[in-house]
Amino acid sequence: MALRVEVAVAAPLWRPLTYSVPPELAPLIKPLTRLMVPLRSRPRLGFALGSPEEGPGKGLKPIGDVLDEAGQPQMLPPGLLGFFQRAAAYYQAPLGQALAWSLPSGLGAGQAEFSQPATDKAPWASYRQGAEENQPRPGTQAAEVLEHLQGAGPLPLATLRNDFPRITQLARKLESTGWLSISHRPVVSDLLGLPILPEPRPEAYTADQQAALDAIIPAVTDHEFKSFLLYGVTGSGKTEVYVAAC
C-alpha cells in the first residue's frame, strides 16, 4: 500500500488524477494545497482534493513538490473546496483550471515555470517540519537556520548568507532531511538593481488596526458573510489589516 492523493490539475481535464505521495510530504498536504505534479512529462500546477490516504500505488506517478509553505496559510483555504467545486460546475469549467484562474496573476496556470528556475529567479528557503530523528542538534548552525526561518518566514538564501556564510551547504543538507524546502521565486529589483524583499510582519498593530481586526477576525473564523469598511488615509495600515485578517 502507498500514500496517494487525488489532484485537480490546472489543465483541460474533467476528472482528477491520482498521484503517489512521498511520506515526508504527506503531512503538508490538505484540501486545496498547491502541488507540482507531472502531466505528459511536463510539470503542472495541481490542487489536492483531500489529504493523502493509503491505497494501491502501482503505476502512479509521484507528486513533484508542495508549493504552499509549511507553517504559513495556504493560498486557497481548505474550506473553500466545496465553493470552487460548485463554481466550476456552474460555469462548466474543469476544476483544476477554475482553481488556477482564482489565483493572483503569475501564480496560476503558469506556475509550472517554477520548476525550471531561470536566471531572473532566486532560491528561497522555507521552514518545514521534518522527522524528529533527523532534527539538527541544538546549538548547531543548522538548528539556528531553522529557528531563524520559523520566526521570519521564507527568506532568500542571499539574505540568509549575511548571517550564515555556508547557507547553501546547510540548506541542501536540511532539505535532504526534510526540515527545509527550497523554491525559486522571481527577483523583483528597484531602480538601483537591488532586490525588493517583502516587508516583515509588524511586532504589534496600532490601536485602530487591532480594533478593526477584533471586528473582522471573528466573522472570518465563524465563516460569516459580512461586509466591513476599512477607512484611513494612505499609509495608515489598511493593507496590513487585510493581510492579517486573511
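By convention here, the first residue in the shown sequence is residue 1.
- Counting only distance, with no hydrogens or angles, the side chain of Q209 and the backbone of G237 share a donor-acceptor pair below 3.5 Å.
- Here CG of N134 is found 10.0 Å from CD of E24. Values are rounded to the nearest 0.5 Å.
- Of all heavy-atom pairs between L174 and P136, the closest is CD2-CG, 3.6 Å.
- For the pair K238 (side chain) and V233 (backbone), a donor-acceptor distance under 3.5 Å is present.
- Judged by distance alone, with hydrogens and angles left aside, the side-chain atoms of Y19 form a donor-acceptor pair with the main-chain N or O of P38 at under 3.5 Å.
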Apply the test side-chain contact (heavy atoms from CB on, under 4.5 Å) to residues L49 and V5: give CA-CA distance (whole Å), side-chain angles for both, the deciding distance (0.1 Å), then the verdict. CA-CA 7 Å; L49 298 183; V5 65; over 6 Å; no
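- Side-chain contact of T33 with Q74: a donor-acceptor pair under 3.5 Å is present, judged by distance alone.
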With side-chain contact (heavy atoms from CB on, under 4.5 Å) as the criterion, how do I29 and D68 come out once you've worked through the C-alpha distance, each side chain's angles and the decisive distance to 0.1 Å? CA-CA 9 Å; I29 300 176; D68 285 312; over 6 Å; no
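- Around CD of E132, the count of heavy atoms belonging to other residues, nucleotides or ligands within 6.0 Å does not exceed 12.
- If you chain together hydrophobic residues whose side chains sit under 4.5 Å apart, V241 and F228 fall into the same group.
- What you find for S20 and P62 is that their closest heavy atoms are OG-CA, 3.1 Å.
- Listed here is the closest heavy atom pair of P138 and A143: CA-CB, 4.2 Å.
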One pair to check against side-chain contact (heavy atoms from CB on, under 4.5 Å): L103 and L76. What are the steps and the verdict? CA-CA 8 Å; L103 295 175; L76 297 177; 3.9 Å; yes
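- With hydrogens and angles ignored, the 3.5 Å screen pairs no side-chain donor or acceptor of R161 with any backbone N or O of R166.
- Summarising the geometry, atom CZ belonging to R15 is positioned 14.5 Å from atom CG belonging to L95; distances are rounded to the nearest 0.5 Å.
- Atom CG of L45 and atom CD of Q97 lie 11.0 Å apart (nearest 0.5 Å).
- Distance check: T18 OG1 to E6 CD gives 4.5 Å after rounding to the nearest 0.5 Å.
- Checking side-chain atoms of T221 against main-chain N and O of I217 turns up a donor-acceptor pair under 3.5 Å.
- Hydrophobic cluster membership differs between L17 and L81, with clusters built from Ile, Leu, Val, Met, Phe, Trp and Tyr side chains linked at under 4.5 angstrom.
- We find the CH2-CG distance between W124 and L160 to be 10.0 Å, quoted to the nearest 0.5 Å.
- Using a 4.5 Å cut-off on side-chain heavy atoms (C-beta onward), R128 and L25 make contact.
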Show, in sequence, the C-alpha distance, side-chain angles and deciding distance for F47 and V7, and conclude whether the side-chain contact (heavy atoms from CB on, under 4.5 Å) test is met. CA-CA 5 Å; F47 302 86; V7 178; 5.6 Å; no
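- Within a 6.0 Å radius of CD in Q210, more than 12 heavy atoms belonging to other residues, nucleotides or ligands are found.
- Between the side chain of E224 and the main chain of K226, no donor-acceptor pair closer than 3.5 Å is present.
- Of all heavy-atom pairs between A171 and I182, the closest is CB-CD1, 3.8 Å.
- Within a 6.0 Å radius of CD in E53, no more than 12 heavy atoms belonging to other residues, nucleotides or ligands are found.
- With hydrogens and angles ignored, the 3.5 Å screen pairs no side-chain donor or acceptor of W14 with any backbone N or O of A93.
- I216 and Y205 fall within a single hydrophobic cluster, where Ile, Leu, Val, Met, Phe, Trp and Tyr side chains are chained together by heavy-atom contacts under 4.5 Å.
- A side-chain donor from one of Y127 and Q129 sits under 3.5 Å from a side-chain acceptor of the other.
- Note on V37: it does not cluster hydrophobically with W101, by side-chain heavy-atom contacts below 4.5 Å among ILVMFWY residues.
- Across E144 and G139, no two heavy atoms sit closer than the pair OE2-O, 3.8 Å.
- In plain terms, the two heavy atoms of L39 and A11 that are nearest each other are CD2-CB, 3.9 Å.
- With contacts defined as side-chain heavy-atom distances shorter than 4.5 Å, the pair V66/S181 does not qualify.
- Connection of L35 to L99 is not established within any shared hydrophobic cluster, with ILVMFWY side chains joined at heavy-atom distances below 4.5 Å, either directly or through further cluster members.
- F164 contributes atom CZ, which lies 14.0 Å from atom CD of Q169 (distance to the nearest 0.5 angstrom).
- Taking the side chain as every heavy atom from C-beta outward, R4 and P56 approach each other to under 4.5 Å.
- At least one side-chain heavy atom of S51 sits less than 4.5 Å from a side-chain heavy atom of P31.
- Look at D65 and R44 and you find no salt bridge, because none of the NZ, NE, NH1 or NH2 atoms lies under 4.0 Å from a carboxylate O.
- Counting heavy atoms from C-beta on, the side chains of I63 and P22 come closer than 4.5 Å.
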